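We count residues from 1, following the sequence as given. Treat the numbers as computed from the prediction; the structure is a model and nothing was measured.
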Amino acid sequence: MDLKLSSLSPLPCLSPVCSMSKPNNFITASITPYRTRVMKDTKKHSLTPEKHELFKSMEGWVEENMLIHLKPVEKSWQPQDFLPDLSSDDCFDEISDIRAHAIDIPDDYFVCLVGGMITEEALPTYQTMFNTVDAVRDVTGMDPSPWGVWVRAWTAEENRHGDLLNKYLYLCGRVDMRQIEKTTQYLIGAGMDGNIENNPYRLFVYTSFQEKAAFTSHANVAKHATRYGDARLAKMMGAIAGDEKRHESAYAKAVEKLFELDPDTTMRELADMMRARITMPGRMMRDGADPDLYGHYAAVAQRMGVYTTGDYVDIVEHFIGRWKVGEVAAGLSSEGRRAQDYVCGLGARMRRMEQRAQEGAGKKAAAAPVIGCSWVFNREVKL
């Protein structure tokens, strides 16, 4: 997805990196564009030894301030808490109840729910990305450092999200699970480029935004489920959103700490991330049929109010305020001050563009196209 200041998309960072002129040619459609970009990128592994030491020095802080946002396994919810117990004699009654509540929910909603679930299911990619980042990676796969403990435990908590949604969608009978499974396989195989550049400053900016976006999306899906009268689904989505909120808090704290320890680098990396766009992790979605699957999913989410350009601008303004970007005074170079000016002016500029985009969208709403979506057995949904 691409959010440009000159042209707001339905969602931030919506346009796929490459179109899929040959949907079944996985190698040329998904791998080559990323390989080309990586080869041209000269900013990889740019962290200096001094910056490595800074993150090493933060390990005690991580243990006291980030790990507290994780829950012990024995106190955590599990997918089975929300699903029928198949060993029970009344399990078929529960399954029938799930299907009965799902029968009247519109396909548009399921497109949003499936898109969110597939994004969650690509979790292996996100742990891999974290472990490419200098100074904070889990070096051995079982590193006892607080950074290693965090990434493994965070992954374990996130893993429940896709498990729960996948099983619910399988039981509800409203979606084409084989097409969904293909999309997940395509997405994990394609990987992602979050513009992180193996840089932990950028990683924690990125994850702060992504967790906040995930919370917003899942919370809105929960609200829709309540309106449709599906209390079980609303409770599920609320539990997932709660996890995302805790994770957002941890990552946002890390950025706050970096502003305290190294305000100039943090400010410059934040501005660079915002200029280059915060890209969504699911933007490489493919189903082997729709060459713009992610763009279409995002358009439905925008129209349904699940995740919108307004939500993204809210997130930008939220973090500018939370990190007190405008109040940073000491420790900034001239480049850092220019970066500060850019970031502080970003919310207002984006808000004006969002308003213009909404006005244009309102004029075109009546003529919005419909497409067949493979996730819902090629039934038509309005964009």
For this session: For this output row, return yes or no: ring centroids of F55 and Y201 closer than 6.0 angstrom.
Result: yes
Any [X] side-chain heavy atom under 4.5 Å of [Y] side chain:
X    : Y    : value
F110 : C172 : yes
D243 : R160 : yes
R303 : K382 : yes
Q210 : I278 : yes
V136 : F204 : yes
C373 : D107 : no
M129 : L203 : yes
V381 : I371 : yes

Backbone of [Y] reached by a side-chain donor or acceptor of [X] within 3.5 Å:
X    : Y    : value
R202 : E197 : no
R283 : M192 : no
D341 : R338 : no
S374 : D290 : no
N198 : T132 : yes
D311 : T308 : yes
Q302 : V306 : no
D138 : D143 : yes
E269 : D272 : no
S217 : A214 : no

Exercise. Given the rule in the side chain to side chain contact (heavy atoms under 4.5 Å, CB included) test, do I95 and L86 qualify, once you have shown the distances and angles that lead to the verdict?
Worked result: CA-CA 9 Å; I95 294 171; L86 297 186; 4.0 Å; yes
Supply the atom-to-atom distance [X] [atom1] to [Y] [atom2], rounded to the nearest 0.5 angstrom.
X    : Y    : atom1 : atom2 : value
L332 : M267 : CG    : CE    : 5.0 Å
E317 : C344 : CD    : SG    : 11.5 Å
K167 : L171 : NZ    : CG    : 9.5 Å
M237 : L113 : CE    : CG    : 5.5 Å
S208 : R322 : OG    : CZ    : 8.0 Å
M236 : Y168 : CE    : OH    : 6.5 Å

Exercise. Under the side chain to side chain contact (heavy atoms under 4.5 Å, CB included) criterion, do K253 and I68 qualify, and how do the steps go?
Worked result: CA-CA 12 Å; K253 276 186 179 180; I68 61 171; 3.8 Å; yes
Exercise. Would you say the side-chain atoms of W61 and E260 include a donor-acceptor pair closer than 3.5 Å?
Worked result: no
What's the shortest heavy-atom distance between [X] and [Y], and which atoms?
X    : Y    : result
A252 : F319 : CB-CE2, 3.9 Å
G282 : T119 : CA-OG1, 4.2 Å
V300 : C112 : CG1-SG, 4.0 Å
D104 : R174 : N-NH1, 4.3 Å
A339 : A271 : CB-CB, 3.5 Å
G310 : E354 : CA-OE2, 3.1 Å

Exercise. Going through the checks in order, is the salt bridge (charged side-chain N to carboxylate O under 4.0 Å, His left out) test met by R379 and D108?
Worked result: CA-CA 10 Å; R379 293 189 292 266; D108 314 61; over 6 Å; no
Problem set entry | Ionic contact status for R351 with D314, cut-off 4.0 Å | yes
Problem set entry | salt bridge (charged side-chain N to carboxylate O under 4.0 Å, His left out) between K245 and E248, worked out | CA-CA 5 Å; K245 189 67 174 176; E248 174 213 329; 3.6 Å; yes
For this session: Under the side chain to side chain donor-acceptor pair (under 3.5 Å) rule, what do K182 and Q179 come out as? Steps first, then yes or no, please.
Result: CA-CA 5 Å; K182 282 172 57 180; Q179 282 299 119; 3.3 Å; yes
Problem set entry | Verdict with supporting geometry, D134 and H52, side chain to side chain donor-acceptor pair (under 3.5 Å) | CA-CA 8 Å; D134 296 332; H52 273 271; 4.7 Å; no
Exercise. Where do F130 and T155 land on the side chain to side chain contact (heavy atoms under 4.5 Å, CB included) test, with the steps shown first?
Worked result: CA-CA 10 Å; F130 198 111; T155 302; over 6 Å; no
Does the plane of the ring in [X] sit parallel, tilted or perpendicular to the ring in [Y]? Use 30° and 60° as the thresholds.
X    : Y    : answer
Y297 : Y294 : perpendicular
H247 : W150 : perpendicular
F209 : Y312 : tilted

Starting from [Y], can I reach [X] by hopping between I/L/V/M/F/W/Y residues whose side chains sit under 4.5 Å apart?
X    : Y    : result
V111 : F377 : no
L165 : Y228 : yes
V316 : F215 : no
V139 : V133 : no

For this session: Applying side chain to side chain contact (heavy atoms under 4.5 Å, CB included), run through K223 and R227 and close with a yes or a no.
Result: CA-CA 6 Å; K223 291 174 185 176; R227 285 197 288 271; 4.2 Å; yes
Exercise. Is D85 atom CG crowded by more than 12 heavy atoms from other residues, nucleotides or ligands, each under 6.0 Å away?
Worked result: yes
